[in-house]
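This report refers to the structure that appears directly beneath it.
Since the structure is predicted, the reported quantities are computational estimates derived from the model, not experimental observations.
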Amino acid sequence: MKPLVLVPVLLLAGLLTANAEPPAAQVNVLAMKNGGVVLAHTSQFDKEFPVNAMIDGSLENYWASGKPSPGGWYPQSFVIEMDQVYALEKLVIDNRETDEEDYPGVSAREVSFSVSTTSSRSGWQPLLTVQAVQFGRKEIRLPKPVEGRWLKVEVRSNYGNPLFVEINELEAYGKPVGKKAPFPDPNGIYQTNYQLLMLKVDGEDVTGCYEMDKGFVYGKTNGRVFNIKWVEHKGKESGTALLVLSSDGFLNGLWYEDGIMKGPWFGNKLPDRATIQCDPVSAAMGVGFNASTLVDSRD
């Protein structure tokens with residue numbers, strides 16, 4: 001019996017190799033590393049549970065809402081921009097690591113999605129409303145692909161917790177439509193939650209500095225996604241950051257120390273005439289780097 005089973009399998013394998021491309025790996029187009037960026041949100045509990053945690057690609061972090069106001073706290077909503085228009089085929093709400101043990105019923109339950117190809121403020125088309133899974137993962141395949149560049153997510157209820165609602169991860173999958181719009185010029189000064197930040201881009205390389213603690217940053221970018229390292233306090237403190245620049249000049253992401261997410265880092269790009277009390281060369285030298293080669297001179 002073995003030859004009868006193996007021969008057609010081998011022939012089929014040969015045909016697949018010769019005539020078909022392997023299926024492309026699915027890409028989560030909401031993930032920050034792939035160009036997703038949160039433009040607006042209604043609330044977040046604090047910097048340890050930021051809205052950006054929903055698109056950081058890690059179940060170790062999650063978003064938690066702020067405390068409800070006297071007028072109530074539903075819906076909680078978010079607007080996320082993707083790096084271009086996609087024909088969306090699948091959405092995911094992941095609640096697998098929400099804090100259900102200490103806050104039973106905290107997982108998001110009823111969630112609505114809308115899409116726009118116009119802008120982050122208009123052109124919204126309702127997509128669907130679904131029931132997420134308590135302490136679980138919900139994958140929703142759309143009946144047919146729907147085009148969008150901006151995704152609005154509205155959380156309308158949880159599983160009964162009176163204080164908070166949480167989501168681990170939001171994901172979206174689909175195929176790109178048309179050509180990517182050019183990214184805005186990332187060079188310049190940004191007013192951030194950690195004071196002013198300057199970024200200078202040369203090809204894929206980025207360097208910069210920020211006023212708080214006279215910090216220095218360096219790393220790689222495609223013009224939209226910035227994978228950078230930060231160094232401050234004369235080189236005694238360092239870490240990484242993943243930042244994404246939106247189509248209208250809003251920079252948003254997360255910073256890390258010792259591999260642990262510490263909170264959001266965000267800000268708007270300022271007019272070209274803005275000035276800053278630092279420059280990348282002096283900032284690099286101040287933390288022990290050779291600015292021309294980015295070699296740590298302390299080694």
Side-chain angles (χ1 to χ4, degrees), residues 26-45 49-59 61-66 68 72-98 106-143 145-159 161 164-174 244 246-248 250 252-254 264 266:
Q26 287 191 313
V27 174
N28 173 15
V29 297
L30 293 187
M32 289 192 298
K33 68 179 182 179
N34 297 324
V37 57
V38 177
L39 301 182
H41 65 278
T42 47
S43 77
Q44 60 189 24
F45 184 74
F49 307 99
V51 65
N52 291 336
M54 289 193 299
I55 58 171
D56 72 342
S58 171
L59 288 177
N61 307 311
Y62 56 87
W63 163 78
S65 65
W73 51 292
Y74 287 118
Q76 294 285 321
S77 64
F78 327 98
V79 175
I80 304 171
E81 180 185 271
M82 294 165 275
D83 66 340
Q84 71 168 86
V85 175
Y86 287 90
L88 299 176
E89 300 171 345
K90 183 174 75 172
L91 302 171
V92 177
I93 308 166
D94 201 327
N95 287 330
R96 283 180 292 173
E97 294 296 333
T98 56
V106 78
S107 296
R109 185 174 185 175
E110 186 180 29
V111 182
S112 297
F113 295 89
S114 302
V115 293
S116 174
T117 57
T118 304
S119 77
S120 62
R121 297 177 178 86
S122 63
W124 293 110
Q125 300 294 323
L127 189 55
L128 77 171
T129 298
V130 299
Q131 296 287 317
V133 179
Q134 184 177 15
F135 215 34
R137 177 180 172 89
K138 177 79 169 185
E139 297 189 5
I140 310 104
R141 289 201 170 272
L142 303 180
V146 178
E147 292 185 7
R149 185 178 183 186
W150 292 272
L151 183 72
K152 181 190 293 183
V153 185
E154 296 175 290
V155 181
R156 301 188 176 278
S157 66
N158 65 6
Y159 277 88
N161 189 276
F164 309 105
V165 59
E166 297 175 356
I167 293 177
N168 257 125
E169 287 287 310
L170 291 173
E171 303 170 16
Y173 298 86
V244 185
S246 76
S247 59
D248 59 357
F250 179 58
N252 197 4
L254 296 168
F266 59 89

Applying side-chain hydrogen bond (donor to acceptor under 3.5 Å, both in side chains), can you list everything that pairs with Glu81, at least two apart in sequence or on another chain? Trp150, Arg224, Ser247

Testing the basics here: between Val244 and Gly35, what is the closest heavy-atom pair and its distance to 0.1 Å? CG1-O, 3.7 Å

Ile93 versus Phe113: any side-chain heavy-atom pair under 4.5 Å? yes

Roughly how far apart are Ile55 CD1 and Leu254 CG, rounded to 0.5 Å? 8.0 Å

CG/Leu30 to CD1/Ile80 distance, rounded to the nearest 0.5 angstrom? 5.0 Å

Tyr173 and Val92 have their tightest heavy-atom pair at CE1-CG2, 4.0 Å

Taking Ser77's backbone N and O only, do any of them form a donor-acceptor pair with Thr42's side chain (distance below 3.5 Å, no angle check)? yes

Rounded to the nearest 0.5 angstrom, the CD-OG distance for Glu166 and Ser65 is 7.5 Å

Side-chain (Thr98) to main-chain (Ser107) donor-acceptor, under 3.5 angstrom: no

Does the side chain of Ser246 pick up a donor-acceptor pair with the side chain of Asp248 at under 3.5 Å? yes

Could you check whether any side-chain heavy atom of Glu89 comes within less than 4.5 Å of a side-chain heavy atom of Leu142, counting everything from C-beta outward? no

Can you list, pair by pair, the side-chain donor-acceptor contacts under 3.5 Å of residues 133-141, counting residues two or more places apart and other chains?
unit_1 : atom_1 : unit_2 : atom_2 : d
Gln134 : NE2    : Glu100 : OE1    : 3.2
Arg137 : NE     : Glu139 : OE2    : 3.0
Arg137 : NH1    : Asp94  : OD2    : 3.0
Arg137 : NH1    : Glu171 : OE2    : 3.1
Arg137 : NH2    : Glu139 : OE2    : 3.3
Arg137 : NH2    : Glu171 : OE1    : 3.0

Below 3.5 Å, can you tabulate the donor-acceptor pairs from side chains in residues 122-131 to any protein atom, sequence neighbours excluded?
unit_1 : atom_1 : unit_2 : atom_2 : d
Ser122 : OG     : Ser119 : OG     : 3.0
Thr129 : OG1    : Ser112 : OG     : 2.7
Gln131 : OE1    : Arg109 : NE     : 3.2

Can you name the nearest heavy-atom pair linking Ser157 to Val165, along with the distance? O-CG2, 4.4 Å

Results of side-chain hydrogen bond (donor to acceptor under 3.5 Å, both in side chains) for Asn252 - residues two or more places apart only: Asn52

Those residues that, when tested against Phe78, pass ring-ring contact (aromatic ring centres under 6.0 Å, His included) (two or more places apart): Trp63

Output for pair (Asn34 CG, Asp83 CG), nearest 0.5 Å, gives 8.0 Å

Report yes or no: does Asn158 contribute a side-chain atom to a donor-acceptor pair with the main-chain N or O of Ala108 at less than 3.5 Å? no

Is any side-chain heavy atom of Val153 closer than 4.5 Å to one of Gln76? no

Could you measure the distance from the CG atom of Leu39 to the CZ atom of Arg121? Nearest 0.5 Å is fine. 8.0 Å

Non-hydrogen atoms of Tyr74 and Val155 that approach each other most closely: CD2-O, 3.3 Å

Shortest non-hydrogen contact from Gly148 toward Thr117: CA-CG2, 3.7 Å

Does NZ in Lys90 sit with more than 12 non-hydrogen atoms of other residues, nucleotides or ligands closer than 6.0 Å? yes

Tell me if the CZ atom of Phe266 is crowded by more than 12 foreign heavy atoms within 6.0 Å. no

Atom CD in Glu97, atom CG in Asn61: separation rounded to 0.5 Å? 11.0 Å

NZ/NE/NH1/NH2 to OD/OE distance under 4.0 Å, Glu154 and Lys152: no

Partners passing ring-ring contact (aromatic ring centres under 6.0 Å, His included) against Phe49 (at least two apart in sequence or in another chain): Tyr62

How far apart are the closest heavy atoms of Leu59 and Asn168, and which atoms are they? O-ND2, 3.2 Å

